[in-house]
Amino acid sequence: LASPEFKPLALFKRFNIEVLATTDSTNDNLLAHANLKVMGNSGRVIPTFRPDDITDPARKDFKHAIEKLGATSFTSLISKLKERRAYFKSLGATATDHGIFSPQTQKMHDMDKEKLFTDVMNGQRFEEYRAVMLFEFAKMSAGDGLVMQLHPGSYRNYDEEIYGAYGPDKGFDIPTATTYTNELRPLLNEIGKHPNFRIVLFTLDESTYSRELAPLAGAYPSVRLGPPWWFHDSINGMRRWRDSTVETAGFYNTVGFIDDTRAFCSIPARHKIARKFDAKYLDEMVENKIISKKTALELAPQLAYHLSKDFFRL
């Protein structure tokens with residue numbers, strides 16, 4: 001492991017990674033990204049805007065993040081966030097990421113937003129604030145073109161003893177029931193058909209695949225389904241996902257396979273498994289005369305590569 005061929009950039013080249021996107025908080029200075037650009041590695045390492053620190057008032061660092069951002073009102077909050085997003089874009093960012101408990105969105109008049117901001121800073125109206133902010137971030141994405149990714153439905157730090165002993169992200173994250181149809185209606189009615197808006201929906205609730213997610217992706221040109229995520233990133237999970245979504249959403253309303261891991265060395269294996277599974281799935285469809293071999297050969301590179309690259313404007 002201490003040898004030169006196991007250093008991170010050497011592995012980056014060996015794994016043939018074209019683009020790797022990190023997840024970075026609202027106030028991150030992104031100096032590591034500036035340094036990587038100077039180093040000129042063979043692929044691209046780009047940031048992803050993750051504003052959970054200023055959208056979840058229940059977090060211990062919420063008020064500190066708001067103060068560090070320099071926001072003193074709702075209007076100034078939105079202005080500061082747009083500045084940060086522009087900075088992320090200047091270093092190559094093409095997407096935002098939202099680790100939310102619920103995809104609830106809410107449209108609110110400007111005057112009411114200022115009262116909401118004051119109440120939130122005083123420890124009130126947390127759920128309403130989360131819903132309004134998600135709606136506002138969607139409007140920002142329609143403006144600056146950053147692809148919006150929603151990762152809802154995880155009850156973070158579920159076990160109090162483990163959380164207390166080891167801190168955030170180690171306290172047993174457990175999936176919860178999650179719904180999307182009513183929650184996203186304000187957002188999609190406002191900008192679901194906007195030509196510059198793009199959103200990727202993930203879930204930990206498999207019951208929503210055919211009932212809600214596939215129909216939404218089939219109806220709105222801005223919506224794509226993210227691949228099976230976290231607990232369902234497996235052979236059986238991939239099959240359940242394809243079986244539940246293909247008939248309604250098809251293949252082109254998905255975003256292909258995008259990796260989501262903290263284990264750098266797992267990246268090539270995870271992509272290989274996804275490619276092999278999709279090839280097998282297409283092969284079975286050809287065998288069952290659902291699609292032609294020609295169509296399968298056209299779809300395979302789309303699922304493995306082009307859908308992700310095109311949708312994320314890479």
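Between F101 and S154, every side-chain heavy-atom pair lies at or beyond the 4.5 Å cut-off. Between K294 and E298 the shortest side-chain heavy-atom distance falls below 4.5 Å. In this structure the side chain of F312 reaches within 4.5 angstrom of the side chain of I258, judged on heavy atoms. Between L225 and N253, every side-chain heavy-atom pair lies at or beyond the 4.5 Å cut-off. Put simply, the side chain of F257 does not reach to within 4.5 Å of the side chain of L307, judged on heavy atoms. Contact of the I100 side chain with the P103 side chain is registered, since non-hydrogen atoms from C-beta on lie closer than 4.5 Å. Inter-residue side-chain proximity for Y281 and D243 is flagged as met; some heavy-atom pair is nearer than 4.5 Å. Taking the side chain as every heavy atom from C-beta outward, T118 and F74 never approach each other to under 4.5 Å.
Although no hydrogens or angles enter the test, the distance criterion places a donor-acceptor pair under 3.5 Å between the side chain of R84 and the main chain of D28. For the pair N288 (side chain) and E284 (backbone), a donor-acceptor distance under 3.5 Å is present. Within the 3.5 Å criterion, the main-chain N or O of L20 finds no donor-acceptor partner in the side chain of T22. Formation of a donor-acceptor pair under 3.5 Å by the S308 side chain with backbone atoms of A304 is not found in this model. With hydrogens and angles ignored, the 3.5 Å screen pairs a side-chain donor or acceptor of D52 with a backbone N or O of G99. S244 places no side-chain N or O within 3.5 Å of a backbone atom of W241 that could act as its donor or acceptor partner. In this structure, E206 contributes its side chain and R240 its backbone to no donor-acceptor pair below 3.5 Å. Within the 3.5 Å criterion, the main-chain N or O of Y87 finds a donor-acceptor partner in the side chain of S90. The closest donor-acceptor contact from the side chain of K89 to the backbone of D144 lies under 3.5 Å. Put simply, the side chain of T254 gets close to the backbone of F251: a donor and an acceptor are under 3.5 Å apart.
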Exercise for the section: Show your working on side-chain hydrogen bond (donor to acceptor under 3.5 Å, both in side chains) between S292 and T295 and close with a plain yes or no. Expected result: CA-CA 5 Å; S292 67; T295 298; 3.0 Å; yes

Practice task
Go through the steps for K139 and E190 under the test salt bridge (charged side-chain N to carboxylate O under 4.0 Å, His left out), then give the verdict.
Solution key: CA-CA 9 Å; K139 291 200 301 181; E190 182 80 7; 5.8 Å; no

Handout entry: From CA spacing to verdict: side-chain hydrogen bond (donor to acceptor under 3.5 Å, both in side chains), D260, W230
Key = CA-CA 8 Å; D260 181 10; W230 201 345; over 6 Å; no

Problem - Derivation of the side-chain hydrogen bond (donor to acceptor under 3.5 Å, both in side chains) call for T96 and H98 - result: CA-CA 7 Å; T96 69; H98 305 265; 2.9 Å; yes

Problem - Steps toward side-chain contact (heavy atoms from CB on, under 4.5 Å) verdict (R14, F6) - result: CA-CA 9 Å; R14 190 201 306 180; F6 279 92; 4.3 Å; yes

Exercise for the section: Evaluate salt bridge (charged side-chain N to carboxylate O under 4.0 Å, His left out) for K113 paired with D110, printing each intermediate quantity in order. Expected result: CA-CA 5 Å; K113 294 174 190 173; D110 290 340; 3.1 Å; yes

Problem - side-chain hydrogen bond (donor to acceptor under 3.5 Å, both in side chains) between D259 and T261, worked out - result: CA-CA 6 Å; D259 197 22; T261 180; 5.1 Å; no

Practice task
Using the side-chain contact (heavy atoms from CB on, under 4.5 Å) rule, take M140 and M148 through it: C-alpha gap first, then chi angles, then the decisive distance, then the call.
Solution key: CA-CA 10 Å; M140 289 184 224; M148 191 175 190; over 6 Å; no

Practice task
Determine, step by step, whether M133 and L81 satisfy the side-chain contact (heavy atoms from CB on, under 4.5 Å) criterion, reporting the C-alpha distance in whole Å, the side-chain angles of both residues, the deciding distance to 0.1 Å, and the verdict.
Solution key: CA-CA 11 Å; M133 287 306 298; L81 288 170; 3.7 Å; yes

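Ring geometry, F202 versus H151: the interplanar angle falls under 30°, so the pair is classed parallel (tilted spans 30 to 60°). Using the six-membered ring where Trp is involved, Y158 and Y155 have ring planes that are perpendicular, over 60° apart on the 30 and 60° scheme.
Hydrophobic clustering places V132 together with F137 (ILVMFWY residues linked when any side-chain heavy atoms are closer than 4.5 Å, directly or through intermediates). Taking hydrophobic clusters as Ile, Leu, Val, Met, Phe, Trp and Tyr residues chained together by side-chain heavy-atom distances below 4.5 Å, L134 shares a cluster with F88. By the criterion of side-chain heavy atoms lying less than 4.5 angstrom apart, applied directly or through intervening Ile, Leu, Val, Met, Phe, Trp or Tyr residues, F62 is grouped together with I78 in one hydrophobic cluster.
Side-chain polar atoms of D53 and T26 form a donor-acceptor pair below 3.5 angstrom.
Other residues, nucleotides and ligands contribute only 12 or fewer heavy atoms inside 6.0 Å of the CD atom of E160. Annotation: R185, atom CZ; neighbour count of heavy atoms from other residues, nucleotides and ligands within 6.0 Å does not exceed 12. Counting non-hydrogen atoms of neighbouring residues, nucleotides and ligands closer than 6.0 angstrom, the CD atom of E247 reaches no more than 12 such neighbours. Within a 6.0 Å radius of CD in E127, no more than 12 heavy atoms belonging to other residues, nucleotides or ligands are found. More than 12 heavy-atom neighbours from other residues, nucleotides or ligands sit within 6.0 angstrom of CZ on F264.
In this structure, OH in Y305 is found 9.0 Å from CG in D310, a value given to the nearest 0.5 Å. Between N16 atom CG and H271 atom NE2 the span is 11.0 Å, to the nearest 0.5 Å. The distance from the CZ atom of R85 to the OG atom of S141 is 4.0 Å, given to the nearest 0.5 Å. Interatomic distance, CD1 of I46 versus CG of L36, reported as 12.0 Å (0.5 Å rounding). For the atom pair I267 CD1 and L11 CG, the distance stands at 10.0 Å (nearest 0.5 Å). Put simply, CD on Q149 and CD1 on I199 are 10.0 Å apart, with the number rounded to the nearest 0.5 Å.
When all heavy atoms of G92 and R44 are compared, the closest pair comes out as O-NH2, 4.0 Å. The two residues R211 and S207 make their nearest non-hydrogen contact at NH1-O, 3.2 Å. For the pair S210 and A214, the tightest heavy-atom approach, listed with the atom from each and the gap, is CA-CB, 4.4 Å. Of all non-hydrogen atoms in V45 and H33, the two that sit nearest each other are O-ND1, 3.3 Å. Pairing each heavy atom of L204 with each of F231, the nearest pair is CD2-CD1, 4.0 Å. Contact detail for F197 and I191: the closest heavy-atom pair is CD2-O, 3.4 Å.
R270 has a carboxylate O that lies under 4.0 Å from a charged side-chain N of D233, or vice versa, which qualifies the two as a salt bridge.
Among the candidates R59, H64, K63, the single residue satisfying the side-chain hydrogen bond (donor to acceptor under 3.5 Å, both in side chains) test with D61 is R59. The residue from R130, E128, E183, E136 that alone fulfils the side-chain hydrogen bond (donor to acceptor under 3.5 Å, both in side chains) condition with Q106 is E128. Among D205, T208, T203, the one residue that satisfies the side-chain hydrogen bond (donor to acceptor under 3.5 Å, both in side chains) test with Y180 is T203.
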